[in-house]
Amino acid sequence: METESAVTHSDNGQTQTASETVIQTRGLTKSFATESGEIVAVDDVSFAIDEGTVVGVLGPNGAGKTTTIKMLLGLVRPTSGTASIHGVDVDSASSEIYDYVSGMLEGARNVYWRLTVRENLRFFSRIGNEPANPDRIERLIAQVGLEEKADEPINDLSRGMKQKASIACTLVRNTPTVFLDEPTLGLDVESSIELRESLKDLVRRDERTVLVSSHDMEVIQDLCDRVIIMADGEIIADDTVESLLQSFSTRTLRLTLDAAPPPELRTVLDSRFEVRHGTDTRNRHQLEVVGIDEDGFYEVFDLIEPAQPTLVEVDTLTPDLEDVFLRVVDEGEVSVDE
Amino acid sequence: MSEYGRLFAAVFEKQTILLKRYWFNTLMLLVAMYIMFAMVFFGGQRIAGDGFESTLDVTVVGFFLFIAASAAYFDVARSVMEEAQWGTLEQLYMSRFGLGSVLAARTVFNILFSSGVSLVLLGLMLLTTGRSLSVDVITVFPLLVVTLLSVIGLGYVIAGLSLLYKRIENVQQLLQFVFIGLIALPSVLDGIVLGVVPLSFGSGMITSAMTEGVRLWQFPAAELIVLLANSGVYLVIGYAAFDRLVERTRDHGTLGHY
């Protein structure tokens with residue numbers, strides 16, 4: 001089995017071996033022929049994921065997230081490019097890769113609704129890569145909080161419970177790598193929070209390599225070490241959650257003034273920076289200076305200080321992942337971590 | 001337990017649970033089949049009178065074969081689309097055994113189940129008609145299983161086509177009527193054609209076994225070889241076509257669609 005590893009240098013100068021790369025794509029592309037012509041769903045996507053990391057894939061509808069995941073799972077054949085899981089070429093049409101990877105697709109549509117939770121777990125465990133392990137089955141039932149519903153047909157469960165059962169059926173195969181496509185799809189807020197807590201526990205407990213796609217930013221922010229943002233079939237950002245948040249954290253400065261700035265100040269500010277003007281709940285003038293760096297920060301103060309309006313409040317807006325995502329997608333900003 | 005033993009155990013357990021849990025549905029299937037036969041029997045008696053009596057044994061055997069063939073064929077052909085609708089097809093594809101093996105395990109279960117159902121119905125048909133047939137299990141069961149393999153080959157082709165083209169229920173239904181013709185073919189035709197088309201050659205042998213009491217070892221070796229070759233070729237070609245059609249479906253990216 002071919003795996004890759006890289007040598008990195010830590011801050012203290014010591015040499016250390018990084019984790020093995022377990023998911024690798026190179027120039028992965030998928031196009032579909034339609035009546036209106038060819039549509040490129042995934043365009044030249046390359047990334048590598050190290051063992052034990054949890055990576056989120058974000059993107060608007062049609063970004064190519066699910067197609068990418070399905071190509072990695074061998075369910076969709078790429079038009080060009082390669083993908084490998086634990087060194088095994090996914091497109092070799094060999095079922096060997098399913099010793100290493102399992103996947104939950106489209107919410108709860110992965111289990112037999114006429115079988116009970118326990119029966120489903122028993123079935124999917126046995127078609128996986130090792131015999132059914134009753135202890136693991138019971139442990140998973142407890143971890144997803146379905147002890148009292150374990151002997152009820154899936155059909156009789158709520159949507160949130162169905163999705164928990166579906167996740168458990170994916171994890172029961174005990175593969176080192178797991179893909180979760182929209183695990184909280186269609187859930188109400190309460191169920192989504194509950195499932196997110198279960199997922200956090202499940203993902204961290206066994207130190208698996210996980211690739212999770214979701215529209216739910218909080219799922220990604222809570223679970224993932226790294227985020228890949230896709231739009232129009234391409235990767236437009238690939239970085240750690242921390243770095244993405246950091247790179248946007250000082251960029252928006254909100255200044256509250258006791259009166260509207262004079263036209264000449266407004267003109268200067270608007271020409272030098274991207275400024276949004278508004279008012280707060282007490283009808284005071286607010287300026288949001290977007291994309292500002294440290295030098296700009298002082299420049300704004302230097303411009304405002306001699307002017308008439310008094311600065312009454314200064315806030316640095318800290319974006320969450322949703323803000324970062326919207327900016328990256330809207331503006332196509334790229335922050336690829338090489 | 002070997003790896004494939006584990007697969008068969010998993011599939012057999014699941015199918016048995018579903019049959020037991022939905023026993024009423026299973027029972028209604030039997031009742032519906034019996035009612036269908038009763039309509040053919042009493043309707044035939046009324047229309048054809050004594051003429052019908054002379055072909056009754058062949059009719060009973062033919063109906064028995066039709067039930068077994070339809071059950072085996074529909075299970076393979078329909079199961080793929082059902083799994084796609086439930087969202088479990090992709091999960092089966094991601095089994096370390098591969099989709100074909102999981103479906104094959106289900107097919108083996110279904111051959112056993114549909115053979116059992118057919119035999120129960122055969123008993124009911126014989127009670128209804130007051131006839132007696134030679135049901136030597138050592139002869140009839142192997143002949144039936146090998147004969148059904150050709151039908152299962154066709155089922156795999158239809159399953160693959162339904163994966164690729166989705167809604168093809170009409171073709172599925174149509175083929176069921178073709179079975180009636182194929183089962184009846186040995187009574188109107190003889191020669192090489194029976195060895196080429198599916199189902200017919202086995203139908204002729206099973207009819208001989210049940211109406212004339214011919215035992216398995218009394219059939220000429222050449223006939224047994226032709227039956228094995230016929231069913232083997234249809235099964236292999238059917239499975240190869242299914243495999244190819246699954247690959248085409250992967251190209252289209254529609255494996256889990258329905």
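Convention: sequence-line order gives letters A, B, ...; per-chain numbering from 1.
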Under the salt bridge (charged side-chain N to carboxylate O under 4.0 Å, His left out) rule, what do B/K14 and A/E119 come out as? Steps first, then yes or no, please.
CA-CA 8 Å; B/K14 175 172 81 73; A/E119 287 162 355; over 6 Å; no
Measure B/V246 against the heavy atoms of chain A and call it side chain, backbone, both or neither at under 4.5 Å.
neither
Contacts of A/D43 meeting salt bridge (charged side-chain N to carboxylate O under 4.0 Å, His left out) (sequence neighbours excluded), chain-then-number -> none
Compare all side-chain heavy atoms of A/L75 with those of B/M94 and state whether any distance is below 4.5 angstrom.
yes
Going by atom types alone, do A/Y112 and B/E83 pair a side-chain donor with an acceptor below 3.5 Å?
yes
Can you name the nearest heavy-atom pair linking B/H252 to A/F32, along with the distance?
O-CE2, 3.2 Å
Student check: side-chain heavy atoms of A/R77 and B/E247 closer than 4.5 Å:
yes
Distance from B/T88 atom OG1 to A/I127 atom CD1, nearest 0.5 Å?
9.0 Å
For A/E96, does its backbone N or O pair with a side-chain atom of B/R96 as donor and acceptor, under 3.5 Å?
no
If you round to the nearest 0.5 Å, how far is CZ of A/R114 from CD1 of B/I17?
12.0 Å
If the contact rule is any heavy atom under 4.5 Å from chain A, which residues of residues 97-105 of chain B qualify, in numerical order?
B/F97, B/G98
With sequence neighbours excluded, what pairs up with A/D135 under the side chain to side chain donor-acceptor pair (under 3.5 Å) test?
none
Is there a side-chain contact between B/L18 and A/L115 in this structure, where contact means two heavy atoms from C-beta onward sitting under 4.5 Å apart?
yes
If you count heavy-atom pairs under 4.5 Å between each of B/T254, B/L92, B/L89, B/T249 and chain A, which one has the most?
B/L92
With side chains defined as the heavy atoms from C-beta onward, is the minimum distance between B/R250 and A/D91 less than 4.5 Å?
yes
Per-residue tally against chain B (heavy atom, under 4.5 Å) across A/S125, A/G103, A/P153 peaks at A/G103
Looking at side-chain heavy atoms only, is the closest gap between B/L7 and A/R126 below 4.5 Å?
no
Atom of A/N110, atom of B/Q91 and distance for their closest heavy-atom approach:
OD1-NE2, 2.7 Å
Just distance, no hydrogens or angles: give the donor-acceptor pairs under 3.5 Å from side chains in residues 23-40 of chain B, sequence neighbours left out.
{"residue": "B/T26", "atom": "OG1", "partner": "B/L19", "partner atom": "O", "Å": "3.4"}
{"residue": "B/T26", "atom": "OG1", "partner": "B/Y22", "partner atom": "O", "Å": "3.2"}
{"residue": "B/Y34", "atom": "OH", "partner": "B/T128", "partner atom": "OG1", "Å": "2.6"}

With a 4.5 angstrom heavy-atom cut-off, could you sort out which part of A/T79 is near chain B: side chain, backbone, both or neither?
neither
B/Y93 and A/L73, any side-chain heavy atoms less than 4.5 Å apart
no
Flag if over 12 foreign heavy atoms under 6.0 Å of CD, A/E207
no
